[in-house]
Amino acid sequence: MIQPRTVPGTLELLPREQLAFQKMIDTIRAGYERFGFMPIETPVFELSEVLLTKSGGETEKQLYFAQSTGALEQVEAARARGEAAKNPELALRFDLTVPLARYVAQYENQLAFPFRRYQIQRVYRGERNQKGRYREFYQCDIDVVGKDTLPLMYDAEMPAVISEVFRALDFGPFTIRINNRKLLNGLLRGGGIDSPEKRAAALREIDKLEKIGEAKVTEALQGPEVGMSAAAVGRLLEFLKLGRASDAVAQLEKLPETDELFRTGVTELKSVLEAIAALGVPSGTVELDLSIARGLDYYTGTIYETVLNNFPGIGSVCSGGRYDDLAGHYTKSKLPGVGLSIGLTRLFFQLREAQLLKPVDHPTAAYVTLTEPELAADARAIATELRRSGLNVELAAEPQKLPKQLKYADRVGIRFAVIYTHHERERGCVALKDLRANTQRDVQRSELAQAIRSAPTG
RNA sequence: GCGGCCAUAGCUCAACUGGCAGAGCACAGGACUGUGACUCCUGGGGUUACCGGUUCAAGCCCGGUUGGUCGCCCCA
């Protein structure tokens, strides 16, 4: 026998949990559509050359390549001839942003801009197993892509959508942290860190501030990868602390820093924060945090990261940002965008871990039992009547002992059992048993649907 | 790619210093004569991950293999 098991880093659910998961997806979808976004789906696999455009070594390391048997044979034949092995032609997408870029570039002349799309699908990353990290997981992306330009207003709309969605999901307090890459990049550039690679390395270290502490970040920033002076690091850390202040923006405006990029960042951040408030996002939900940096290097302006207040350990469950040029690898057009993505699998995992998942009622309202062969036609007719009245109903396929059927219905989680045996037939009624409340009563067959529908919940 | 920890019944875990492999849950049957869940009783279930070593004796000690898990890198 083969041991039945799933690959580590995948999430598989029992039906009742799946129902809760499905409901979360529905809530997210409804929230996205409330703001006027349209759905798209893209294939799970793409041509490797499409995915590898963002090729910073890490991507290739985490990519799952896919290959048909025929292609595999060709590769092995080539290797046998001593030729260099090439990457397989196909690979599984590791996020939904790159496929979006490809999609927008491909259908550019058929899309209306700004293009507002949402996409809820699975993505794949070849990673070492770790708590709350998956190799296959759902991303629920929402993005706006503009042609040539994209108003800053959208940078405010994104967190407004997410805040609304998280509020609707109703799992407790969360914080959308917001920052602008231009601030840190401008500051680093003004501080003499000229190479983009060094700035990227610096951003990654700054991003870890909360996790590993000031001392270690200081050490890393002075290390060979970045090479900042002790004084520069000191000024930087002072700056980062501003983010916590309530008048942070006013303080940023007063800073003597003259770097042009930095000043633009301050202006952008200010108007985005103002617009977010104007959109009615409750204060405290979105919080300026100058230390969030985001590892991905294609972000150029506003960046977001969302944490569950009660579970900071799990990391970000929703993040994203603004990118000046989304699809530069696929088209000559300039397509700036801004977007956010909910890591639904991780979010679900954490909520389940914390026992915050609300039990979802079984979608089936009633189970119609069948105990005596000669009453089979009646049972089937009853089930059909209930279904035509709009109720979800499961019907026993063949006569079986009543305890067995009640146990089954209870186990599955169906609340009502409809019992119709010769006893009921003699009394000229149908018995309706509430398995949750452990009550039972006789009702007229014609009133059965109404009796189920009007049952008090709880 | 690098490091720590772990592996015993379907699941969660016990088993003293090396001395007969156990409990709860789950499952099956019964107590309950048209009625699930709750309660009580009974029962089936094991190559202690795999390979080797030490020992009178190994679930326990030693070496290896495989798998899992938690971190680092990176990230939802």
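Proteins come first, then strands; the chains are lettered A, B, ... in the order of their sequence lines, and each starts at number 1. Every heavy atom of this structure was used, including side-chain atoms; hydrogens, water molecules and symmetry mates were not.
Counting non-hydrogen atoms of other residues, nucleotides and ligands closer than 6.0 Å to CZ of A:R441 gives a total of 12 or fewer. The number of heavy atoms from other shown groups lying within 6.0 Å of CE (A:M38) does not exceed 12.
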For nucleotides 69-73 of chain B, tabulate all protein N/O to nucleotide N/O atom pairs closer than 3.5 Å, reporting atom names and distance.
unit_1, atom_1, unit_2, atom_2, d
B:rU69, OP1, A:N129, ND2, 3.1
B:rU69, OP2, A:N129, ND2, 2.4
B:rU69, O5', A:N129, ND2, 3.3
B:rG71, OP2, A:K131, N, 3.3
B:rC72, OP1, A:K211, NZ, 3.1
B:rC72, OP2, A:Q130, OE1, 3.2
B:rC73, OP1, A:K208, NZ, 3.1
B:rC73, N4, A:Q130, NE2, 3.2
B:rC73, N4, A:R133, NH1, 3.3

Using a cut-off of under 3.5 Å, enumerate the N/O to N/O pairs linking the protein to nucleotides 30-34 of chain B.
unit_1, atom_1, unit_2, atom_2, d
B:rG34, N1, A:E424, OE2, 2.9
B:rG34, N2, A:T421, OG1, 2.9
B:rG34, N2, A:E424, OE1, 2.7
B:rG34, N2, A:E424, OE2, 2.8

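A distance of 6.0 Å or more separates the ring centres of A:Y124 and A:F137. Ring centroids of A:F348 and A:F21 are separated by less than 6.0 Å, placing the two rings close together. For A:Y367 and A:Y408, the distance between ring centers is under 6.0 angstrom. Between A:Y118 and A:F37, the distance separating the two ring centers is not shorter than 6.0 angstrom.
Of the residues near RNA chain B, A:I342 and A:K433, the one whose nearest nucleotide (by heavy atom distance) lies more toward the 5' end is A:K433. Taking the nucleotide of RNA chain B with the nearest heavy atom to each of A:R411 and A:T439, the more 5' of the two is matched to A:R411.
Of the P atoms belonging to B:rA9 and B:rG22, the separation is 14 Å, rounded to the nearest Å. Look at the P atom in both B:rA15 and B:rG59: the space between them is 15 Å, to the nearest Å.
B:rC60 is unpaired under the criterion used here, namely a Watson-Crick or G-U wobble arrangement in which both key atom distances are under 3.5 Å. With a cut-off of 3.5 Å on both pairing distances, the Watson-Crick or G-U wobble partner of B:rC5 is B:rG68. Under the Watson-Crick and G-U wobble criteria, each requiring two contacts below 3.5 Å, nucleotide B:rU55 is left unpaired. When Watson-Crick and G-U wobble pairs are counted only if both distances are under 3.5 Å, B:rG22 pairs with B:rC13. Under the Watson-Crick and G-U wobble criteria, each requiring two contacts below 3.5 Å, nucleotide B:rC40 is paired to B:rG30.
At a threshold of 4.0 angstrom between heavy atoms, the contacts of A:C318 are confined to the sugar-phosphate backbone, with no base atom among them. At the heavy-atom level, A:Y138 lies nowhere under 4.0 Å from the strands shown. When heavy atoms are screened at a 4.0 angstrom cut-off, A:R135 is found touching no nucleic acid atom at all.
Remark: C1' of B:rA76 and CD1 of A:I28 are 12 Å apart, rounded to the nearest angstrom. In this structure, the CG atom of A:N438 is 14 Å from the C1' atom of B:rU39, given to the nearest Å. Following rounding to the nearest Å, A:I162 (CD1) and B:rA76 (P) show an atom-to-atom distance of 13 Å.
The aromatic rings of A:Y323 and A:Y299 sit tilted, their planes meeting at an angle between 30° and 60°.
Here A:F137 lies parallel enough and close enough to stack on the base of B:rA76, with planes under 30° and ring centres under 5.5 Å apart.
For A:R125 against B:rA76, a side-chain-to-base donor-acceptor contact under 3.5 Å is present.
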